[in-house]
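Numbers restart at 1 for each chain; the letters A, B, ... are given by sequence-line order, proteins then strands.
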Protein chains: 2
Amino acid sequence: MFSKACEYGIKAMIYIAQAGEGGRLVSLKEIAAEIQSPVAFTAKILQLLSREGILLSTKGAFGGFQLAAAADKINLAEIVKAIDGDRVFNGCGLGLKECNALKPCPVHFKFAAFREQLADMLQTTNLHELAAGLKKGVSFLYR
Amino acid sequence: MFSKACEYGIKAMIYIAQAGEGGRLVSLKEIAAEIQSPVAFTAKILQLLSREGILLSTKGAFGGFQLAAAADKINLAEIVKAIDGDRVFNGCGLGLKECNALKPCPVHFKFAAFREQLADMLQTTNLHELAAGLKKGVSFLYR
DNA sequence: TTTATTAAGGATAAATTTGTCCGATTTATC
DNA sequence: GATAAATCGGACAAATTTATCCTTAATAAA
């Protein structure tokens, strides 16, 4: 569904939303430990998210990352788009370059409905609610 | 969503359903040309589908492939499972090894509904209907 | 000012997926 | 029996994704 990079990216953002409340900066080391991801690879992903403007980074001692907006203003779609592009939202189910209602692949209309549901879900799910579940201990970032 | 191998596999099966009516054997060469896929790679995928029992292969001159069952008895879920395994059906959206209602990842329940819809769609979509669209010229396998 | 800590970023390596090549085998036809 | 057409299957190569290493730059604190 998503690339590994995107999975790490989503987990990192959820963790930062949960751990970075009150403007506290969260370090790469802490993030990678909490989401059980390879440190250097995670660094690349956080760099990307920073360049994309949905994360803020601060260098130097006691530096780290924080969300670029309130957690309830950042949705999953933004993160997925930043890392995996819009393949998830627009890409053809059978990989055709051009696939649309006028010249559809055989599964085009079967997929359309469901792709729309996915897009809607990603757009309406924000980091605040996901972080809340984590905080309450009803959801988990590893295992 | 699906691997490239799986995309080719689905396209190949749809094409065979359409071109192999009346028990006609369809050759690898023809299939690869029609779905615009690399011949040798497609061969591997068809071999796999044959081993999985959803395709029948015949060696030798005038040999080729045919569906192992009536087109309306083969659904997309079988093909996807044969090639990509059940990752699509069971895998966690964030890549966790263990992710279930008892120990869910943060997006588990958000994904569950939609994954179910996907599984349902794949299970209820059969090759016959997809091939029909192709035959009528309302859907396409390349571009 | 020195030191420790932290992110940035380039180069490289490992793993996986995708794709190619080629000889062996099977089968129909001449 | 020889030949041509077709799949099988193993080895290899290329491309992409995932992961690592190392140097540089920035910042806070001692």
Side-chain angles (χ1 to χ4, degrees), chain A residues 1-12 16 19-20 23-68 80 83-85 87-88 91 94-95, chain B residues 1-12 16 19-20 23-33 35-68 80 82-85 87-88 91 94-95:
Chain A
M1 169 100 356
F2 305 131
S3 68
K4 215 97 180 90
C6 193
E7 290 175 4
Y8 293 148
I10 292 171
K11 288 194 257 189
I16 295 167
R24 180 187 155 237
L25 298 184
V26 189
S27 77
L28 165 64
K29 215 170 99 180
E30 177 180 343
I31 294 164
E34 289 293 335
I35 71 174
Q36 306 225 340
S37 64
V39 178
F41 189 48
T42 306
K44 302 293 188 198
I45 298 159
L46 297 180
Q47 267 174 55
L48 171 60
L49 292 174
S50 298
R51 279 199 298 270
E52 291 288 326
I54 67 185
L55 256 191
L56 297 178
S57 75
T58 307
K59 280 182 163 189
F62 296 86
F65 296 87
Q66 65 193 132
L67 301 182
V80 171
I83 302 177
D84 279 352
R87 156 185 86 75
V88 171
L94 297 183
Chain B
M1 171 99 356
F2 305 131
S3 69
K4 217 90 180 100
C6 193
E7 290 176 2
Y8 292 148
I10 293 172
K11 287 193 259 189
I16 295 168
R24 179 187 155 234
L25 297 183
V26 189
S27 78
L28 165 63
K29 215 170 100 181
E30 176 180 344
I31 295 165
I35 72 174
Q36 304 225 339
S37 63
V39 178
F41 189 45
T42 306
K44 303 293 187 196
I45 298 159
L46 298 180
Q47 267 173 55
L48 171 61
L49 292 174
S50 298
R51 279 198 298 270
E52 291 288 327
I54 66 185
L55 255 192
L56 297 178
S57 74
T58 307
K59 279 184 166 189
F62 295 85
F65 296 89
Q66 65 193 130
L67 301 182
V80 171
I83 302 177
D84 280 350
R87 155 184 86 74
V88 170
L94 297 183

Side-chain atoms of B:Lys59 come closest, of D:dA19, C:dA8, D:dC8, to D:dC8
Partner lookup for D:dT27, please. Criteria are Watson-Crick or G-U wobble with both distances under 3.5 angstrom; report none if nothing qualifies. C:dA4
If the cut-off is 4.0 Å, is A:Ser57 near the phosphate of C:dA8, judged by side-chain N/O to OP1 or OP2? yes
Quick check for you: among D:dA19, D:dA28, C:dG19, whose closest atom lies nearest to any side-chain atom of A:Lys4? D:dA19
Ranking D:dC8, C:dA8, C:dC21 by distance to the side chain of B:Phe65, first place goes to D:dC8
Within this structure, what is the NZ-to-C1' distance between A:Lys29 and C:dA7, rounded to whole angstrom? 14 Å
Are any of the side-chain heavy atoms of B:Glu52 and B:Ile83 separated by less than 4.5 Å? no
Verify the contact: side-chain N or O of A:Tyr8 to OP1 or OP2 of D:dT18, cut-off strictly under 4.0 Å; return yes or no. no
Taking all heavy atoms of B:Asp84 and all of B:Cys6, pick out the closest pair and write down the distance. OD2-CB, 3.3 Å
Comparing nearest nucleotides in DNA chain D, the 5'-proximal residue of the pair B:Ser27, A:Val39 is B:Ser27
How far apart are the closest heavy atoms of B:Glu30 and B:Arg24, and which atoms are they? OE1-NH2, 2.6 Å
Can you tell me the distance, in whole Å, between the CD1 atom of A:Ile31 and the C1' atom of C:dA7? 11 Å
Gap between atom CZ of B:Phe62 and atom OG of B:Ser27 - 0.5 Å precision: 11.0 Å
Closest approach to the side chain of A:Phe41, judged atom by atom: which nucleotide of C:dG19, D:dT7, D:dA19 is it? D:dA19
Any idea which heavy atoms bring B:Ala12 and B:Leu46 closest together, and the distance? CB-CD2, 3.9 Å
One pair to check against side-chain contact (heavy atoms from CB on, under 4.5 Å): A:Leu67 and A:Leu55. What are the steps and the verdict? CA-CA 5 Å; A:Leu67 301 182; A:Leu55 256 191; 4.2 Å; yes
Classify B:Gly60 by what it touches in the nucleic acid, base, sugar-phosphate, or nothing, heavy-atom distance under 4.0 Å. base
Where is the tightest heavy-atom contact between B:Thr42 and B:Ala32, given as atom of each residue plus distance? OG1-CB, 4.4 Å
Kindly point out which of D:dT18, D:dA5, D:dT7 is positioned nearest to the side chain of B:Ala61? D:dA5
Can you tell me the distance, in whole Å, between the CD atom of A:Gln66 and the P atom of C:dT6? 15 Å
Tell me which residues in residues 42-56 of chain A put a heavy atom below 4.0 Å from DNA chain C, sorted by number, or none. A:Lys44, A:Gln47, A:Arg51
Quickly work out the B:Glu7 CD to C:dG19 P distance and round it to whole Å. 10 Å
So if I take every side-chain heavy atom of A:Ser3 and compare against D:dT18, C:dT18, C:dT6, which nucleotide ends up nearest? D:dT18
Taking CG from A:Leu25 and P from D:dA28, how many angstroms apart are they, rounded to a whole number? 10 Å
